[in-house]
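See structure below.
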Amino acid sequence: MKMAHPPLGEVLEGKEVVICAGSGGVGKTTTSAAIAAGLAARGLKVCVLTIDPAKRLADSLGLAELGNDARRVDPKLFEQQGVEITGELWAMMLDPKQTFDELIARQAPDEESRDRVLDNPIYQQISGALAGSQEYMAMEKLFELHTEGDYDMLVLDTPPSRNALDFLEAPRRLTQFIEGRSLKVFMKPTGFAAKVAGRGATVALSVMKRIVGFDLIADLAEFFNAFSGMVDGFQARAKRVNKLLAAPTTCFLVVCGPQGEPIDEAVYFHRKLVEAKLPFGGVIVNKVHYPAEQLRGEADDLPATLAEKLGDEDLAQRVAANFADYQALAERDARNIEHLAREMRATGVIRVPYLDEDVHDLAGLAQINRYLFATGEERVAMAAGRA
């Protein structure tokens, strides 16, 4: 099956948001940073957002640490590593708790309501532990930066979750939580509803008080009553976040490895993107073993050829065996990538080869984005050492 490999620059033409998604451990953080660096090298003002706890992105970008506010990567650092750049590269590491606090402050109708929520023990617990809060806050920060309009492009490195769909479901889950019956029990109804709800809630609360204690119930009631004035704002904002995800100026890139399980997860995630009618831009497969084309046809005589060149038959046998193992990996990767493209009916499969060294600086990111932004023929030539 012959697959086209459009340069990433073509895929991202006219886009404002790039979301790199996929399962954990497939190189999303490095890929996101490389994409951002590549776009900045081409003259754009770009911000890359990550919540990777390993902080590898900060190391790659030469920043001592990243925080919840974007920081610009020093242009001199690019010069020192021989990387040309005409735009600006900014980066931040999301702090979900701080982002949640800032969101509460924006949605609160007044300072008293804001402080009642932020100082409440229940909020202090759930703001860090609420299911989906990390994923939701990633979407929230992305939306905030996009609304401010300070950047030409935003690149999001999605949370390192076992389920790559968690962040897509986060706005809906938060809305369901806000609209749930358990929350409404604690919110103060008015009029006739207050009398009806009051009788039922009294019975329910009396049971809960015996189980968990009065202080906890009081904190819950205080939190939800203070939070009730923000419900409409949260619901409206969640809808706007979902609208941004589905906008034609947004692009989802699925990142995976060439092994079987990451490939299957990428196919599944793509299917869910299609079902949700979200804009899919293509697939990036990391750490691909390219076949050594120049040695094909010599495989049968390779041990003898190597023995003649190396002057050591034992070493020649080991080198030949290692080469055979590598070729087997290359053939496996090729089959898996063909399966991936076939299942997705996608032509936009970009392959980044398995590099000799881990990426730990801007020069390494530049090497990766050479493959990301190159044509298919150029990538093959680079992988084969001809470019």
Side-chain angles (χ1 to χ4, degrees), residues 16-37 39-40 45-73 88-107 118 123-151 153-174 177 234 237-238 240-242 244-245 250-253 255 365:
E16 298 173 359
V17 173
V18 182
I19 300 175
C20 295
S23 56
V26 295
K28 289 198 306 292
T29 299
T30 302
T31 299
S32 300
I35 291 172
L39 292 169
K45 183 179 180 181
V46 187
C47 182
V48 56
L49 302 80
T50 182
I51 58 174
D52 181 19
K55 296 190 177 182
R56 290 169 297 174
L57 178 61
D59 295 336
S60 297
L61 299 179
L63 300 174
E65 60 179 290
L66 292 174
N68 209 48
D69 296 314
R71 294 180 55 189
R72 185 179 180 183
V73 178
E88 298 180 13
L89 179 58
W90 295 69
M92 62 164 290
M93 182 173 289
L94 181 71
D95 181 335
K97 176 66 168 63
Q98 184 178 339
T99 302
F100 211 161
D101 290 349
E102 293 170 354
L103 181 58
I104 289 291
R106 283 195 299 272
Q107 296 299 323
L118 295 179
Y123 170 76
Q124 292 170 5
Q125 290 294 321
I126 70 170
S127 60
L130 179 64
S133 66
Q134 189 182 56
E135 290 82 3
Y136 179 80
M137 289 307 122
M139 294 295 100
E140 166 60 31
K141 197 67 179 182
L142 181 73
F143 175 77
E144 176 189 331
L145 292 175
H146 183 265
T147 301
E148 292 172 353
D150 291 336
Y151 302 96
M153 184 78 78
L154 298 170
V155 181
L156 174 64
D157 166 32
T158 54
S161 170
R162 290 180 61 86
N163 183 356
L165 294 173
D166 282 349
F167 77 96
L168 290 180
E169 297 292 329
R172 181 183 61 81
R173 287 204 308 271
L174 189 62
F177 168 74
F234 266 89
R237 202 167 181 89
R240 292 173 67 189
V241 169
N242 282 326
L244 173 62
L245 295 181
T250 295
C251 176
F252 284 84
L253 297 174
V255 183
L365 293 178

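- Taken from NZ in Lys141 to CD in Gln98, the straight-line distance is 7.0 Å, to the nearest 0.5 Å.
- In this structure the side chain of Leu145 never reaches within 4.5 angstrom of the side chain of Asp150, judged on heavy atoms.
- Residues Leu154 and Cys47 are in side-chain contact: their nearest non-hydrogen atoms beyond the backbone lie under 4.5 Å apart.
- Atom CD of residue Glu102 and atom CD1 of residue Ile104 lie 11.5 Å apart, to the nearest 0.5 angstrom.
- With hydrogens and angles disregarded, a donor-acceptor distance shorter than 3.5 Å links the side chain of Thr250 to the backbone of Leu244.
- Between atom CZ of residue Arg106 and atom CZ of residue Arg237 there is a gap of 4.5 Å, rounded to the nearest 0.5 Å.
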Ile35 and Leu253: side-chain contact (heavy atoms from CB on, under 4.5 Å), yes or no, with the steps? CA-CA 11 Å; Ile35 291 172; Leu253 297 174; 3.7 Å; yes
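- Here the side chains of Thr50 and Ser32 are not in contact, with every heavy-atom distance at 4.5 Å or above.
- Closest heavy-atom contact between Ala40 and Val46: N-CG2, 3.8 Å.
- No side-chain heavy atom of Asp69 sits less than 4.5 Å from a side-chain heavy atom of Met92.
- One finds the CG atom of Leu94 at 9.5 Å from the CE atom of Met139 (value rounded to the nearest 0.5 Å).
- Listed for the Lys28 side chain is no donor-acceptor partner under 3.5 Å among the backbone atoms of Val255.
- The shortest distance between side-chain heavy atoms of Ile19 and Leu142 falls below 4.5 Å.
- In terms of heavy-atom proximity, Val48 sits nearest to Ala36 at CB-CB, 3.8 Å.
- In this structure, CD in Glu144 is found 8.5 Å from CG in Leu103, a value given to the nearest 0.5 Å.
- Closest approach of Lys45 and Trp90 over heavy atoms only: CE-NE1, 3.6 Å.
- Side-chain contact between Val18 and Leu156: absent, with no pair of heavy atoms (C-beta onward) separated by less than 4.5 Å.
- With rounding to the nearest 0.5 Å, the separation of OG1 in Thr158 from CG in Leu49 is 11.5 Å.
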